[in-house]
Each structure stands twice: as C-alpha cells, then as structure tokens.
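Take a look at the structure below.
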Amino acid sequence: MTGPIAIVDCNNFYASCERVFNPKLVGKPIVVLSNNDGMIIARSNEAKALGIPMGEPLFKIEHLVRQYDVKVFSSNYTLYGDMSHRVMATLEQFSPDVEIYSIDEAFVNFSGTPPLKLTSYAHEIRNTVKKWTGIPVSIGIANTKTLAKLANKFSKKVPELNGVLNIFEEKQEIIDSYLEKTNVEDIWGVGRQYTKMLYERGYYNALQLTKADDKFIRRKMTVMGLRTVMELRGIPCIKYEYSPPSKKAIISSRSFGKSVTEIEQVKEAVAYFTNIASQKLRHQKSSANILSVFLRTNPFKETTQYHNGVLIHLPAPTDITSEMIEYAMKGVDQIFKQGILYYKVGVMLSGIVPTDSVQFTLFDGKNRAKKADISKIVDMINMEHGAGTVVYARQGVKRDWRTRSEKKSPRYTTNWDELPKVK
DNA sequence: TCTGGGGTCCTAGGACCC
DNA sequence: TCTGGGGTCCTAGGACCC
C-alpha cells in the first residue's frame, strides 16, 4: 500500500527566521552567512532577484550589498534550531507521521487523508504554520518522495499555486508535463557530476530520464540513481522513516577565525570539538568505538598545504568526555606538524553503539563509573544554565581561535536577555 | 583581508581467512 | 605449462543531501 507523501519545505528558512522578529526586514533583500562570515548560505527572494548566488563569498558581492542595502546576518543556529522545532511541532498537530528530514524540511505521511481533501488540507497546514510561527512554507504532494520534492519546486515557483502542488494519483500526462519541465539537475538525488554525465548522453529533463535503460542507470549512477529513476516513474523506493535512526557518525569541526600555528591552540580547539561531539553522542544515548581527529590548511591559500587525520580505535566503546579528550590529544600529537598555518580542525565519532549494550569491564571499577556520572552532570548544568557554563580545562578559556561572527541577530527565542522588547 | 558544517550511502580494492 | 574460489572486514574515495 502506498499513500500520498507530502514534503513541507520552509521558504528561504534562515532568511525567514531573521524576518519573523524584525518586521522592518519585510520586502528587503536579506542574506545569511556561513560560520566565519565567509560565504552566503541563505537568501531571501529579494536577494535572489538581485542575482546573488548561493555559496558566493561575501567579499565578491560587497558592491551589491552597498548599492541595494542588502541586510547581512551571521548565522544564528540557536534561533534557527528553535524556530525549526516550532514548525515541526505545528506539523505534528496535523499528522502523527512526520519525518523530520532537515532543519527546514519534513516529509508528512498522508495515508489517512482522503485523496480529494489533500490539497485543501495542505493549504490549511500552510496557513497554520504561517500564523503560529511566522514562517512561510511550500508543500508538494505525490506518490513518492522524489516526485513530492519535484512538485514542491513548482509550488514555490508558480505563484498561482499558492504554495501547494498536489500530483498524487494525477493523470500521467499531467505528471509527464511537470517531469518535462524539470531539468535533470533539479531532481532530488542528481548532483553536479551526474548532471554532467547525463547531459553528455542527451538526457536533459526528468521525463527523458524516466525512459532511460535501467542497466545504464545502474552502471553509471549505482543503485541510488536507479532508485531515483524508479521514484520518478511513480514507484516508491525510498522508505518513509517515522523516527530518525540514531546517527552513525557524529562530526564537530569548524574553521578558525584566523590561522593557527601552535599545538596548544590546536589542542584546545580539538578538546572543544570533542566535548561538543560527545554531548551529541550522549544525547542520543550512544557510545563510540572510534574517534578520529583531522586538521588541514586553507586550500584557497597558496601557503604550504597539509591535511592529515588519525583514526583511533578506543579500547572500549565510551561516551565519557574526559576519556575521549585524552585520546584526542594523543591523536593531535601524532599528526601535528610544526610551521603549518592551520585553518580547520575537527573530530569525528564513529563505530556508534547504544550505551545500554556497553558493559563496563571488571577492571573499570568505580573510577570509570564516576567519570561517566561527571559527563552527565556537566550536561545537565549546561542545559539548565546555558551552554558553556561548565567546560573542560583542556578547552581553554581564551579560545582566540574562535570563529568570527560579527553580524549575529539576538537569540530572540531562547535567551532571556535577548527576548524582543515590548515598547 | 575574506570561500560552512554535518550528514548519508555505495563501490572498489586490499588484507586476511579457510 | 599449469598458479582456486569464496568469504569477511576494513578503508578510502566519490557521489549525494541540506
């Protein structure tokens, strides 16, 4: 049995979040920057209309910013994360089966809704989300996830649709007309490399792709590509996930606000990222078998390039911050080289297992249990009193390697001191 | 001066085993 | 001259997503 699947996608999510608490920004071009205020990662429609591309470094569009008074923001993930929760909670009022796919998108299972009512129900959802959270969303509905994503693109692009396109059990010729109007690079699952390959072989739009030979697709695009093509044909291949499976890898990394050369600074940063990663690990009640540390220079600079990483197999799966920091420091010692301008470091935890399956060995004794308790207590204090209330000494206090973020909006919804003021 | 961070899945190839 | 076959596990690298 296959029912209708909807994708609900927030329009220009980060830019919309900035706008919710700052009505003066309505109608103004807005861009949001990556960590370090480096490049553009989100744009309002007005900014898109000015021809500002995604992923462009800020310095390359300074002239546009000045000329059109573009409002520029550093990314404010605390705000976006909280707004995301509000949107998702609203969706859960309408269906128990909400699969949160990313910070600004969710698949919603509509098996229980009569097909004739789908479109008006989607409009109702759209209006409610806007009213309750201030965030505009667009909704695509179809028989498969890939077709729902495709419908979603049109719901955004075509103003007459008012933010909703439903092609569930639509006549094949109507679906074909949408497929024909979709370039291969706009298909979910087709990226830059596959686009190039497909163009070279004369496949330009999604309709042509549905008629391609399965063996050819399998050979050139692996089973993933074949799944995409099947889904375009209306055959569901990509599962609907009710509750997200635990993460199989957890990464924490960031580029520095300035070049770093000293091993002590690298160690502080690595300890900091190890702490972040292990908190995420405990949050999903998991332990890790493998910890890897990596560091690299800035690939855009012409200084001596160096990148290296080290994979550390932990003697037993753990979720204890202090243990992980210890191993991470040894890892840094192994790969750190003198005389290098470091630009980015990070930590990855993998080989992840549920913590309840981990047995403490006879030799661990009380000491280890105590350490595990300390990690949990630190988490609790930081949750209650704000992140960073208690930190591990290794992380340093000065942290002058920190990321730049000079144009950040207040944490309107999560920080007592930064709530919007009533005049 | 200035170019993100955090994930997923698949495949090929090497090491090793019997 | 002739030099197996099948399996597992691991890692690196490449593709994709937002």
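Residue numbering restarts at 1 for every chain, and letters A, B, ... go by the order of the sequence lines. Any value given below was found using the heavy atoms of this structure, including those in side chains, with hydrogens, waters and symmetry copies removed.
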Original post:
Across the strands shown, which category fits A:Arg218 at heavy-atom distances under 4.0 angstrom: base, sugar-phosphate, nothing?
Top reply: sugar-phosphate
**OP:** Starting from P on C:dC18, measure out to CD1 on A:Ile100 and report it in whole angstrom.
**Re:** 16 Å
Polar atom pairs (N or O), protein with nucleotides 9-15 of chain C, under 3.5 Å:
| residue | atom | partner | partner atom | Å |
| --- | --- | --- | --- | --- |
| C:dT11 | OP1 | A:His313 | NE2 | 3.3 |

Subject >> Intra- and interstrand pairs of DNA chain B - dot-bracket, Watson-Crick/G-U under 3.5 Å, | marks other strand >> reply: ....||||||||||||||
Subject >> From B:dG4, B:dG5, B:dT3, nucleotide with atom closest to A:Tyr77 side chain >> reply: B:dG4
Original post:
Are a donor atom and an acceptor atom from the side chains of A:Lys337 and A:Asn308 found within less than 3.5 Å of each other?
Top reply: no
Original post:
Where the side chain of A:Pro57 is concerned, which of B:dT3, B:dG7, B:dG6 is the nearest nucleotide?
Top reply: B:dT3
Original post:
Rounded to whole angstroms, how far apart are CZ on A:Arg254 and C1' on B:dG6?
Top reply: 10 Å
Original post:
What's the verdict on side chain to side chain contact (heavy atoms under 4.5 Å, CB included) for A:Val347 and A:Ser253, showing C-alpha distance, side-chain angles and the deciding distance?
Top reply: CA-CA 6 Å; A:Val347 170; A:Ser253 84; over 6 Å; no
**OP:** Output the single nucleotide from C:dC18, B:dG7, B:dT3 whose closest atom is nearest the side chain of A:Lys280.
**Re:** B:dG7
Subject >> Distance-only donor-acceptor check, side chains A:Asn109 and A:Ser111, under 3.5 Å >> reply: yes
Original post:
At under 4.0 Å between heavy atoms, what does A:Leu33 touch on the DNA or RNA strands: base, sugar-phosphate, or nothing?
Top reply: nothing
Original post:
How long is the line joining CZ of A:Arg404 and P of B:dT3, in whole Å?
Top reply: 7 Å
Original post:
5'-most contact on DNA chain B: A:Ser252 or A:Phe300, nearest heavy atom basis?
Top reply: A:Phe300
Subject >> Interatomic distance where CG belongs to A:Leu341 and C1' belongs to B:dC2 [whole Å] >> reply: 16 Å
Subject >> Check ion pair A:Lys267-A:Asp333 (N to O, under 4.0 angstrom) >> reply: yes
**OP:** Report the distance from atom CG of A:Leu226 to atom P of C:dC16, rounded to the nearest whole Å.
**Re:** 16 Å
**OP:** For A:Glu56, answer base if it contacts any base atom (sugar-phosphate contacts may also be present), sugar-phosphate if it contacts only those atoms, and nothing otherwise; contact means non-hydrogen atoms under 4.0 Å.
**Re:** nothing
Original post:
Could A:Glu56 and A:Arg43 be called an ion pair, given the rule that one side-chain N must be under 4.0 Å from one carboxylate O?
Top reply: no
Original post:
How long is the line joining CZ of A:Phe294 and P of B:dG7, in whole Å?
Top reply: 11 Å
**OP:** Determine: side-chain N/O of A:Ser255 to OP1/OP2 of B:dG5, distance under 4.0 Å, yes or no.
**Re:** yes
Subject >> Residue pair A:Ser138 / A:Asn11, side-chain donor-acceptor N/O under 3.5 Å >> reply: yes
Original post:
Looking at A:Arg233 and A:Asp214, does any basic side-chain N land under 4.0 Å from a carboxylate oxygen?
Top reply: yes
**OP:** Determine, for A:Tyr327 and A:Lys330, whether the Lys NZ or Arg CZ falls below 6.0 Å from the six-membered ring centre while staying within 45 degrees of the axis.
**Re:** yes
Original post:
In Å, rounded to the nearest 0.5 Å, how long is the span from CG of A:Leu25 to OG of A:Ser16?
Top reply: 11.0 Å
Original post:
Think A:Lys344 has a side-chain N or O under 4.0 angstrom from the OP1 or OP2 of B:dT3?
Top reply: no
**OP:** Would you mind reading off the distance between A:Lys247 atom NZ and C:dC17 atom C1', rounded to a whole angstrom?
**Re:** 13 Å
Original post:
Counting any heavy atom closer than 4.0 Å, what does A:Lys301 reach on the DNA or RNA strands: base, sugar-phosphate only, or nothing?
Top reply: sugar-phosphate
Original post:
Of the nucleotides C:dC18, B:dG4, B:dC2, which one has an atom closest to the side chain of A:Ile41?
Top reply: B:dG4
Original post:
What integer distance in Å separates A:Met224:CE from B:dG7:P?
Top reply: 18 Å
Original post:
According to a strict under-4.0 Å criterion, is A:Tyr343 in side-chain N/O contact with OP1 or OP2 of B:dC2?
Top reply: no
Subject >> Side chain of A:Asp104 - closest among C:dC18, B:dT8, B:dT3 >> reply: C:dC18
**OP:** Look at all strands and tell whether A:Ile251 reaches a base, only sugar-phosphate, or nothing, counting heavy atoms closer than 4.0 Å.
**Re:** sugar-phosphate
Original post:
Between A:Tyr14 and A:Thr222, who's closer to the 5' end of DNA chain B by nearest nucleotide?
Top reply: A:Tyr14
Original post:
Does the side chain of A:Ser34 get closer than 4.0 angstrom to OP1 or OP2 of B:dG5 through an N or O atom?
Top reply: no
**OP:** Tell me what A:Ile187 touches on the nucleic acid: a base, only sugar-phosphate, or nothing, going by heavy atoms under 4.0 Å.
**Re:** sugar-phosphate
Original post:
Given C:dC18, is OP1 or OP2 found less than 4.0 Å from the side-chain N or O atoms of A:Lys149?
Top reply: yes
**OP:** Kindly confirm or rule out a cation-pi arrangement of A:Lys301 over A:Tyr343, judged by NZ or CZ under 6.0 Å from the six-membered ring centre and within 45° of its axis?
**Re:** no
**OP:** Scan side-chain atoms only and decide if A:Glu18 and A:Tyr80 contain a donor-acceptor pair under the 3.5 Å cut-off.
**Re:** yes
